[in-house]
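What follows is a single structure, written as structure tokens, with notes after it.
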Amino acid sequence: MNKNFGLTMRGIIKNSKNEILIVKRHPKSKTDPEMWELPGGKVDKGEDFEDALIREIKEETSLDVETESFCEAVQNDYMHKRTVQLIMYLNVINGEVRISEEHTDWMWTSLDKLKTLEITSSLKKVLEKRNWEV
């Protein structure tokens, strides 16, 4: 049986110290519970990719953002679904980080510290493809 693909958008947001914003998945998440990931989420049917990313970032972090450029794409095959994730660089326009109930924590992190954390398989694939540089 073929599993359908889902499309997910994720954003790389950096602060003035060149640290990356990551969020921690809820323990009840179907995929990668309690692991760190880039903020973002699913694209709804008929929704523009960029609009979906901006909406998801606002929902998850309360930040108003704009897209800067494309970073990477990865595919993940889970037991219940397959996903393609497009990762974009984002600029913050306005706001302060306040996470939604989808996540339990957030932090700004360096790439060195990120290597020591439990991160989602998708984020690990992105970082490995880019030789741990973003």
Side-chain angles (χ1 to χ4, degrees):
M1 179 175 95
N2 283 337
K3 295 179 264 184
N4 292 333
F5 276 98
L7 177 60
T8 302
M9 301 295 294
R10 301 243 173 247
I12 295 176
I13 302 168
K14 294 183 179 181
N15 65 13
S16 60
K17 297 176 186 172
N18 209 33
E19 296 169 319
I20 299 168
L21 178 64
I22 56 173
V23 290
K24 191 171 192 179
R25 294 182 66 86
H26 197 278
K28 293 183 180 178
S29 175
K30 281 186 179 178
T31 54
D32 298 324
E34 297 188 272
M35 292 192 170
W36 292 95
E37 69 179 348
L38 296 170
K42 297 177 188 122
V43 176
D44 294 334
K45 187 174 182 174
E47 187 176 24
D48 178 81
F49 297 174
E50 185 176 25
D51 292 343
L53 179 57
I54 291 168
R55 173 185 55 77
E56 284 286 347
I57 297 297
K58 181 69 171 179
E59 289 173 5
E60 291 186 359
T61 68
S62 297
L63 294 173
D64 294 312
V65 297
E66 63 184 1
T67 55
E68 181 181 306
S69 61
F70 173 79
C71 173
E72 195 62 66
V74 294
Q75 177 181 328
N76 258 357
D77 296 326
Y78 297 106
M79 293 293 291
H80 62 289
K81 67 178 176 179
R82 297 186 297 177
T83 64
V84 171
Q85 292 194 12
L86 299 181
I87 294 83
M88 305 291 291
Y89 292 107
L90 303 174
N91 294 315
V92 174
I93 300 170
N94 190 27
E96 292 185 27
V97 178
R98 289 187 311 276
I99 58 171
S100 70
E101 293 181 5
E102 281 181 63
H103 297 92
T104 58
D105 203 358
W106 68 275
M107 76 167 90
W108 294 105
T109 184
S110 67
L111 287 172
D112 285 338
K113 183 173 180 180
L114 192 56
K115 289 178 184 179
T116 70
L117 300 173
E118 287 190 60
I119 60 176
T120 62
S121 52
S122 295
L123 179 52
K124 187 173 184 176
K125 283 182 181 182
V126 168
L127 293 169
E128 286 174 348
K129 281 178 84 171
R130 299 188 62 84
N131 202 24
W132 288 85
E133 292 182 16
V134 288

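- Residues passing the side-chain hydrogen bond (donor to acceptor under 3.5 Å, both in side chains) test with Ser121, sequence neighbours excluded: Asn76.
- Residues Lys81 and Asn4 have side chains not in contact (no heavy-atom distance under 4.5 Å, counting atoms from C-beta outward).
- Every residue meeting the side-chain hydrogen bond (donor to acceptor under 3.5 Å, both in side chains) condition with Thr31, not counting sequence neighbours, appears here in chain and number order: Arg25.
- In terms of the side-chain hydrogen bond (donor to acceptor under 3.5 Å, both in side chains) criterion, Asp48 has no residue partners (sequence neighbours excluded).
- Listed by chain and number, the residues in a side chain to side chain contact (heavy atoms under 4.5 Å, CB included) with Glu128 are Lys124, Trp132 (sequence neighbours excluded).
- For the salt bridge (charged side-chain N to carboxylate O under 4.0 Å, His left out) condition, no pair includes a residue of residues 99-115, sequence neighbours left out.
- For the salt bridge (Lys or Arg N to Asp or Glu O under 4.0 Å) test, residues two or more places apart in sequence or in another chain that qualify with Glu47 are Arg55.
- Taken to the nearest 0.5 Å, the CG atom of Asn94 stands 11.5 Å off from the CD atom of Glu66.
- Here the closest heavy-atom approach between residue Ile12 and residue Cys71 is recorded as CD1-SG, 3.6 Å.
- Using a 4.5 Å cut-off between side-chain heavy atoms of Ile, Leu, Val, Met, Phe, Trp and Tyr, Met88 falls into a hydrophobic cluster with Phe5, Leu7, Met9, Ile13, Leu21, Val23, Val43, Phe49, Leu53, Ile54, Ile57, Leu63, Val65, Phe70, Val84, Leu86, Leu90, Val92, Val97, Ile99, Trp106, Trp108.
- Between Ser62 and Arg98, the closest heavy-atom pair is OG-O, 3.2 Å.
- Using a 4.5 Å cut-off on side-chain heavy atoms (C-beta onward), Met35 and Leu123 make no contact.
- With rounding to the nearest 0.5 Å, the separation of OG in Ser122 from CG in Leu38 is 9.5 Å.
- In terms of hydrophobic clustering, with Ile, Leu, Val, Met, Phe, Trp and Tyr side chains grouped at heavy-atom distances under 4.5 Å, Val74 and Val134 are assigned to a common cluster.
- With sequence neighbours excluded, the residues forming a side chain to side chain contact (heavy atoms under 4.5 Å, CB included) with Asp77 are Gln75, Arg82, listed by chain and number.
- In this structure, CD in Glu56 is found 8.5 Å from OG in Ser100, a value given to the nearest 0.5 Å.
- Listed by chain and residue number, Asp64 satisfy the salt bridge (Lys or Arg N to Asp or Glu O under 4.0 Å) test with Lys58 (two or more places apart in sequence, or in another chain).
- Listed by first then second residue, pairs satisfying side chain to side chain donor-acceptor pair (under 3.5 Å) with a partner in residues 8-22 read Arg10-Glu37, Arg10-Gln85, Asn15-Glu19, not counting sequence neighbours.
- Legend: salt bridge (charged side-chain N to carboxylate O under 4.0 Å, His left out) pairs involving residues 67-76, not counting sequence neighbours, sorted by first then second residue: Glu72-Lys129, Glu72-Arg130.
- Residues meeting the side-chain hydrogen bond (donor to acceptor under 3.5 Å, both in side chains) test with Thr104, sequence neighbours left out: none.
- The two residues Pro27 and Pro33 make their nearest non-hydrogen contact at O-CB, 3.3 Å.
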